[in-house]
Every structure is written in structure tokens, then in C-alpha cells.
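We name chains A, B, ... by the order of the sequence lines, and we start the count at 1 in each one. These numbers come from the heavy atoms of this one structure, side chains and all, not from hydrogens, waters or symmetry mates. These numbers come from a predicted model, not from an experiment.
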There are 2 protein chains.
Amino acid sequence: MRQISPYISVDCVLFGYNGSELEVLIVDRTLKDDNSDELIINDRTLTGNHVYEDETIEDAAYRVLFDLTGLDSVFLEQFKTFANPDRLKRPNDQLWLQRTNRNPDARIVTVGFYSLVATDKVKLIWKGRNVNWVPVKEVGELAFDHNEILQEALKTLRLRIKYEPITFELLPEKFTLTQLQNVYEAIWGIELDKRNFRKKIARMKYLITLDEKQTGVAHKPARLYVFSREVYTKTKKELFDFTI
Amino acid sequence: MRQISPYISVDCVLFGYNGSELEVLIVDRTLKDDNSDELIINDRTLTGNHVYEDETIEDAAYRVLFDLTGLDSVFLEQFKTFANPDRLKRPNDQLWLQRTNRNPDARIVTVGFYSLVATDKVKLIWKGRNVNWVPVKEVGELAFDHNEILQEALKTLRLRIKYEPITFELLPEKFTLTQLQNVYEAIWGIELDKRNFRKKIARMKYLITLDEKQTGVAHKPARLYVFSREVYTKTKKELFDFTI
DNA sequence: TCAAAAGTGTTTCAGATACACCCATGT
DNA sequence: ACATGGGTGTATCTGAAACACTTTTGA
């Protein structure tokens with residue numbers, strides 16, 4: 001029996017893209033009163049879990065994602081660690097810890113990871129809990145310190161896509177340039193000029209044009225593209241270009 | 001008596017700048033054999049410490065730095081967490097943990113912070129251990145996983161100075177443009193063109209030109225500048241400019 | 001034939017790059 | 001007087017921004 005670390009957890013901010021908005025995976029947290037069957041907790045959290053004593057935190061995060069999505073090669077990156085001694089001290093959180101057989105007084109350090117998947121790749125099941133994609137803009141109050149974790153993940157994502165071609169992770173394997181542009185727009189919450197966007201994209205050698213086109217759309221079908229990690233790895237500059 | 005968390009530590013990568021090279025603070029780790037007085041451990045580490053149970057990790061990192069430097073308002077930023085189950089399992093590290101009354105089998109998660117100070121501001125004392133500034137290029141093998149921690153800190157620093165005016169933290173309050181340029185060069189390990197550097201700097205409103213000049217130098221004395229955090233905060237763009 | 005998104009080129013402006021000489025000071 | 005680093009301007013190129021029309025498909 002693998003030993004669980006009572007002090008270390010990971011939380012995964014799983015971002016998805018549904019074709020128009022940036023979404024995040026949110027799970028419902030409900031608890032019924034033993035006698036009355038009344039809901040005494042009914043709120044929402046990100047996904048996370050404790051880490052096994054002999055497991056790296058990266059593996060733990062992959063495990064959470066695999067349990068959740070069945071996917072085993074998603075993009076995953078650590079972004080920040082949350083360890084405030086009060087982070088689990090709100091009444092509902094204390095109650096939840098008690099009822100799930102954990103020590104509510106323990107100080108749990110959680111390492112935040114964020115992940116990117118195409119929303120439609122994911123079938124949602126997680127430990128019998130109700131799991132939903134929620135547009136980032138519509139996420140209300142979350143349990144624990146999960147609103148803070150989400151905001152930090154978003155901040156990291158917004159910065160990271162400036163340097164690294166990871167936006168593809170939010171799209172199907174074959175995608176159109178408009179879809180790609182929409183991903184940037186959804187993450188940054190701004191609009192980009194189509195022609196300028198395409199000029200910039202044209203410089204990225206790792207975006208491979210396919211001989212295929214969209215089908216079944218009621219307008220001129222768009223060309224499809226794929227991301228070539230191989231070309232990217234070969235051509236990427238040493239870390240980034242140095243200009244102050 | 002404050003309770004120490006046996007599972008959470010912070011490690012601080014304290015960067016300094018000596019006028020020509022980027023340096024990092026390194027402490028000697030020595031252990032004598034009880035009988036023979038022979039050194040059985042004689043290697044080097046970064047600075048770090050355990051966290052108190054009621055203390056935030058940021059406060060713990062500030063505490064480490066304060067103990068080390070007497071400075072209480074240094075730049076400090078969390079950059080990554082290291083939690084590999086094997087990270088403290090090398091023989092010297094196991095021995096060290098035993099001799100310093102810690103459980104060598106415990107899994108210790110360490111949160112990495114990096115800090116920036118002007119080297120000459122710091123008087124070096126730390127728990128009776130020998131502390132030295134070492135040029136980053138000349139740091140040899142370190143104990144624990146500290147080489148990895150240092151490399152990650154450096155990577156973060158190299159990226160961060162592209163977005164945020166934190167290079168000033170490595171200089172005296174009043175500095176010359178050449179010193180500032182040298183800081184960028186030292187961190188990135190490249191050379192920059194003097195005239196182009198100054199043109200770029202001229203656009204940064206938060207760099208205030210003083211009416212003072214260098215004294216005691218055997219050449220045309222340079223003008224002195226200060227960084228104005230106030231102007232920076234007022235004029236900085238929302239997070240960063242959005243271009244893909 | 002209409003609605004919808006795809007796809008495309010030019011002009012203007014800002015910033016990046018490359019490059020060489022005179023100036024003020026201490027010794 | 002000389003050695004040392006300070007300080008400055010211009011020309012060229014590359015990328016960013018602004019902007020409108022034709023094309024292809026399904027309904």
C-alpha cells in the first residue's frame with residue numbers, strides 16, 4: 001500500500017478551449033448532513049490531490065489529470081506553490097477535511113500546476129464528483145484558496161504563450177489559423193488583426209500547412225495546420241532572444 | 001516556542017553583482033568526525049531553512065535573508081518548488097541531516113526563492129558558517145539538489161529582467177548607465193551596444209537622471225541615475241503588452 | 001443568391017541594429 | 001600628455017499596426 005503524504009498536495013488548473021472561450025475544469029464539492037440529507041457544503045474547487053510519499057509532484061499532477069481525463073500526455077507545468085498557514089482554515093474547508101478523513105489542523109503545501117487540453121478530448125469523471133468546464137470569466141467563488149491559484153495560473157499562461165508555442169495544446173491536432181488566433185484572443189481577452197496575425201504566424205516554421213481543408217462548413221473552408229514539435233525543437237533560439 | 005515544520009523548507013538563491021560578474025551566495029557545509037577531527041563533509045550549499053508552522057513561506061525566505069544579510073527589504077520572488085523524493089538521499093546529505101538532528105528519511109519539500117542585492121551591501125554571517133559570494137560561472141558542485149535550484153533561479157532571472165525593472169536591485173541606489181548595462185550583460189552573458197542600450201533606457205520614464213556625477217574616477221565622470229518605483233508603478237502597462 | 005468566414009497586400013511608423021568619434025577626468 | 005571610460009547621431013532594416021476587398025462553400 002502506497003503511503004500518502006499528508007503534507008504535500010498538487011492542484012491542477014486544467015484549461016480548455018471550447019471554440020470561443022477559455023475554460024477551466026471545476027468540480028463540485030458537496031457534503032450532506034448525516035441525518036437530514038440536507039446539503040451542508042455545496043461549492044466548487046479546482047482538481048487536486050495528495051502526493052504519494054515515493055512520487056514526484058509532477059507524477060502526482062499527471063495522475064490527477066489522467067484520473068480526470070484519461071489523457072496521459074497533456075501539457076503540464078508547475079507555476080507556483082501555495083503554503084499560507086491559513087489557506088484551509090475557512091469553516092467549510094475545515095469541515096470538508098474532517099469528513100474526508102484528513103487532519104484539519106495539518107499545514108498542507110500545495111504545488112500549483114496548469115495544463116492545457118482541447119475541451120472536447122475530455123470525458124469528465126472524477127471520483128464520483130460532478131465535473132464541469134466553466135468559462136474562466138464565469139468562475140465564481142471557489143473553495144480553499146483556489147481563486148488565487150486560478151488567477152496565478154492564468155497570469156502564468158498569459159505570459160508563457162508569448163514565448164512558447166503551447167497554444168496548440170488547446171486545439172485539436174489539426175486546426176485552422178482562425179482557431180489559433182481565437183485561442184490567443186481568448187487567453188488575453190483582446191482582439192487581434194487577422195492579417196497581422198497571419199503574417200506573424202507565417203514566420204513560425206514549426207506550423208506545418210496541410211493539404212487538407214475543413215469540411216462541412218457553410219463558408220469557404222479553411223486550410224488545416226499542425227504543430228511540429230520536431231521543427232520547433234530544432235529551430236528554437238537559445239531560451240529567447242536577448243533584447244532588454 | 002515556535003514549532004518548526006519538518007516537511008517544508010525554503011531555499012534562497014541570493015544573487016549579487018560585484019561590478020563585473022553575477023555572483024551567488026554560497027555557504028560552506030563542513031562536518032568533523034567526532035573523534036579524529038577530520039572533515040568528513042566539506043562542500044557547499046545555497047542558503048535555506050525550515051519554515052515555522054505559523055509562518056508563510058515568503059516570511060521564512062525573508063527571515064533567511066535577514067539572518068544572512070541584515071537587510072529587510074530585498075527583492076524576493078518565488079520561482080519553483082523542488083520535491084523529488086530522492087532530493088536529499090545522497091550519502092553526504094543523509095549524514096548531514098542526521099548530524100543536524102533531522103530525520104533523514106523525511107520528505108522535505110523546498111520552495112525556491114531568488115533575491116537580488118548589491119553585493120557590497122551585505123555583511124556575511126550565517127549561523128557560524130562560512131559564507132561567500134561566488135561568481136555564478138564558478139560555482140562547482142553543490143550539495144542536495146542545489147545545482148538544479150540555482151539553474152532554475154538563473155533561468156527565471158534571465159527571463160524576468162525582460163519584463164520587470166528589477167536589475168536596479170543589484171546596484172547601489174545611485175548608479176551609472178554603464179553599470180546598469182553591465183548588469184544585463186552579466187546576467188545574460190552577452191555584450192550589448194552602448195548607444196542602442198541608452199536609446200532604449202531613455203524611453204524608461206522611471207529612470208531618473210540626477211544632477212550628480214561620479215567622483216574619483218580617472219576618466220570623464222558618469223551621470224548618476226536612480227530608479228523610481230513610484231513612476232514605474234504609475235506608468236507600467238497592464239501586465240505587459242500583448243503581441244504574439 | 002445570400003450569409004459566413006477564408007484569405008490576401010500595402011503603407012506607415014516604431015524600434016532594432018550597426019557603427020566612430022570627441023569629452024572630461026585623474027595620474 | 002595620456003589612458004580611461006562617458007557620452008552622443010545617423011542610416012538601414014525589420015517588425016508592428018492599420019486597413020478592405022474577393023473567394024469559396026453550404027443552406
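Summarising the geometry, the separation between OH on B/Y184 and C1' on C/dA16 is reported as 16 Å, rounded to the nearest angstrom. When rounded to the nearest whole Å, the span between CD of B/Q179 and P of D/dG5 equals 13 Å. The separation between B/K220 atom NZ and C/dC22 atom C1' is 8 Å, rounded to whole Å. Straight-line distance from the NZ atom of B/K199 to the P atom of C/dA16: 9 Å, rounded to whole Å. When the P atom of C/dA24 is taken as reference, atom NZ of B/K213 falls 8 Å away, rounded to whole Å. In this structure, A/Q181 places its CD atom 12 Å from P of C/dG7, rounding to the nearest Å. Straight-line distance from the CZ atom of A/R195 to the P atom of D/dC21: 10 Å, rounded to whole Å. Going from atom CD1 of A/I190 over to atom P of D/dA17 covers 9 Å, rounded to whole Å.
Taking five base pairs at each end of the helix from C/dT1-D/dA27 to C/dT27-D/dA1, the local helix axes there meet at an angle of 0°, rounded to 10°.
Between A/Y206 and A/F227, a ring centre-to-centre spacing shorter than 6.0 Å is recorded. Checked against the 6.0 Å centroid threshold, B/F75 and B/Y114 count as a close aromatic pair.
A/R44 meets the salt bridge (charged side-chain N to carboxylate O under 4.0 Å, His left out) test with A/D28; sequence neighbours excluded.
A cation-pi arrangement is found for A/R29 relative to A/F144, the charged atom lying closer than 6.0 Å to the ring centre and inside a 45° cone about the ring normal.
Side-chain N/O atoms of A/K200 include one lying less than 4.0 angstrom from OP1 or OP2 on D/dA16. OP1 or OP2 of C/dA5 has not a single side-chain nitrogen or oxygen of A/T178 nearer than 4.0 Å.
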Can you list, pair by pair, the side-chain donor-acceptor contacts under 3.5 Å of residues 208-218 of chain B, counting residues two or more places apart and other chains?
unit_1: B/E212; atom_1: OE1; unit_2: B/K174; atom_2: NZ; d: 3.3
unit_1: B/E212; atom_1: OE2; unit_2: B/K174; atom_2: NZ; d: 2.6
unit_1: B/Q214; atom_1: OE1; unit_2: B/A222; atom_2: N; d: 3.0

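Residue contacts shown for A/R223 are limited to sugar-phosphate atoms, with no base heavy atom under 4.0 Å away. Within 4.0 Å (heavy atoms only), B/R203 reaches sugar-phosphate atoms of the nucleic acid but no base atom.
Ion pairing between a basic and an acidic side chain is recognised when a charged N comes within 4.0 Å of a carboxylate O; B/R229 and B/E169 show such pairing.
If B/N196 and B/T176 are placed on DNA chain D by their nearest nucleotide, the residue sitting closer to the 5' end is B/T176. Projected onto DNA chain C by closest heavy-atom contact, A/L224 and B/A218 fall at different nucleotides, the more 5' of which corresponds to A/L224.
Between A/F175 and A/F168, the two ring planes are tilted [angle within 30° to 60°].
With D/dA17, D/dG6, C/dA4 as the candidates, the nucleotide lying closest to the side chain of B/K194 is D/dG6. Side-chain proximity of B/R198 to the nucleotides C/dA6, D/dA17, D/dG6 is greatest for D/dG6.
Judged by distance alone, with hydrogens and angles left aside, B/D193 brings no side-chain donor or acceptor close enough to the base of C/dA16 to form a pair under 3.5 Å.
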